[in-house]
Amino acid sequence: MITQKAKDTFEVFNDGICSFCEIDDDGNAGTVKANIRYQERTIGVTRFYEAMTAKVQVDRLIRIPAQSWITTEYLAVIGMEVFEIKQVQKVSDTLPKINDVSLHLTRRRRIADG
């Protein structure tokens, strides 16, 4: 029997641009490291409740082209909203390779000088 490899899914990133920023001395979004196009994703029920179990709130989930440097040590800015990065997951069965980034909207952080 011949098995056929599942076709890779081609991803598009046409929902907007997310700025990934270093955290400045005051804990706000400082220097922009990169502006990356993203795709908005739905936060599934399983992910939502698993996050709640871990006492983490996930307000938004975005998909971006794979970036090995993105960690929870950065902040994400979409529009005028500042998000803490709670988790970065690598997904390798897509074209191009991607990261799913779980974000938490924070009210105590702001855009530096903004």
Side-chain angles (χ1 to χ4, degrees):
M1 183 167 117
I2 299 173
T3 58
Q4 189 176 29
K5 181 183 173 193
K7 291 184 180 180
D8 288 335
T9 304
F10 188 79
E11 299 291 331
V12 294
F13 309 98
N14 56 2
D15 288 330
I17 295 177
C18 179
S19 298
F20 290 91
C21 303
E22 296 176 355
I23 301 173
D24 70 7
D25 295 334
D26 296 327
N28 296 314
T31 306
V32 175
K33 171 116 176 165
N35 293 310
I36 301 173
R37 297 194 63 78
Y38 70 90
Q39 175 189 55
E40 196 78 37
R41 302 290 294 171
T42 300
I43 301 170
V45 173
T46 303
R47 183 185 305 259
F48 178 79
Y49 283 110
E50 284 176 356
M52 285 182 62
T53 302
K55 297 185 180 180
V56 173
Q57 181 176 341
V58 176
D59 296 306
R60 203 163 185 177
L61 179 64
I62 62 172
R63 182 166 276 188
I64 61 171
Q67 307 292 318
S68 61
W69 58 268
I70 291 181
T71 66
T72 57
E73 300 291 317
Y74 292 91
L75 295 175
V77 178
I78 299 174
M80 294 303 291
E81 295 179 317
V82 179
F83 296 88
E84 293 177 348
I85 298 172
K86 292 298 182 181
Q87 184 182 43
V88 180
Q89 292 178 297
K90 295 177 183 177
V91 180
S92 57
D93 61 350
T94 62
L95 292 173
K97 306 292 185 223
I98 55 110
N99 293 132
D100 279 342
V101 184
S102 299
L103 304 174
H104 169 66
L105 180 63
T106 178
R107 285 156 182 74
R108 62 187 167 109
R109 298 189 191 263
R110 60 182 179 81
I111 299 170
D113 299 326

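Below, each value reflects all heavy atoms present in this structure, side chains not excepted, and no hydrogens, waters or symmetry copies.
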For a quick test of reading the model, state the closest non-hydrogen atom pair linking Arg37 to Ile17 and the distance between them. NH1-CG1, 3.7 Å

Do Tyr74 and Val77 land in one hydrophobic cluster if side-chain heavy atoms of ILVMFWY residues count as linked below 4.5 Å? no

Would you compute the distance between atom CG of Asn99 and atom OG of Ser92 and round it to the nearest 0.5 angstrom? 10.5 Å

Residue pair Leu75 / Glu84, side-chain heavy-atom distance below 4.5 Å: yes

Among the clusters formed by ILVMFWY side chains lying less than 4.5 Å apart, do Ile36 and Leu95 turn up in the same one? no

Any non-hydrogen side-chain atom of Leu105 less than 4.5 Å from a side-chain atom of Arg60? no

So which atom in Gln87 and which in Thr72 form the shortest heavy-atom distance, rounded to 0.1 Å? N-CG2, 4.3 Å

Between Tyr38 and Cys18, which heavy-atom pair has the shortest distance, and what is it? CD2-N, 3.7 Å

Same apolar cluster: Phe83 and Val58, side chain cutoff 4.5 Å: no

Can you tell me if CG on Asp25 sees more than 12 non-hydrogen neighbours from other groups inside 6.0 Å? no

Do the non-hydrogen side-chain atoms of Phe13 and Ile98 ever get within less than 4.5 Å of each other? yes

Quick check for you: to the nearest 0.5 Å, what is the distance between Leu103 atom CG and Gln57 atom CD? 12.0 Å

Out of curiosity, does Leu61 fall in the hydrophobic cluster containing Val88 (side-chain heavy atoms, cut-off under 4.5 Å, transitive links)? no

To the nearest 0.5 Å, atom CZ of Arg41 lies from atom CD1 of Ile62 at 11.5 Å

For Asn28, is there any backbone N or O sitting under 3.5 Å from a side-chain donor or acceptor partner on Asp26? no

Assigning hydrophobic clusters by single linkage (Ile, Leu, Val, Met, Phe, Trp, Tyr; side-chain heavy-atom cutoff under 4.5 Å), is Ile85 placed with Val82? no

Taking the side chain as every heavy atom from C-beta outward, state whether Gln67 and Phe20 have any atom pair closer than 4.5 Å. no

Do any pairs count as a salt bridge (charged side-chain N to carboxylate O under 4.0 Å, His left out) and have a residue in residues 63-79, sequence neighbours left out, and if so which ones? Glu11-Arg63, Arg63-Asp100

Between Val91 and Thr94 the two heavy atoms that sit nearest each other are O-OG1, 3.9 Å

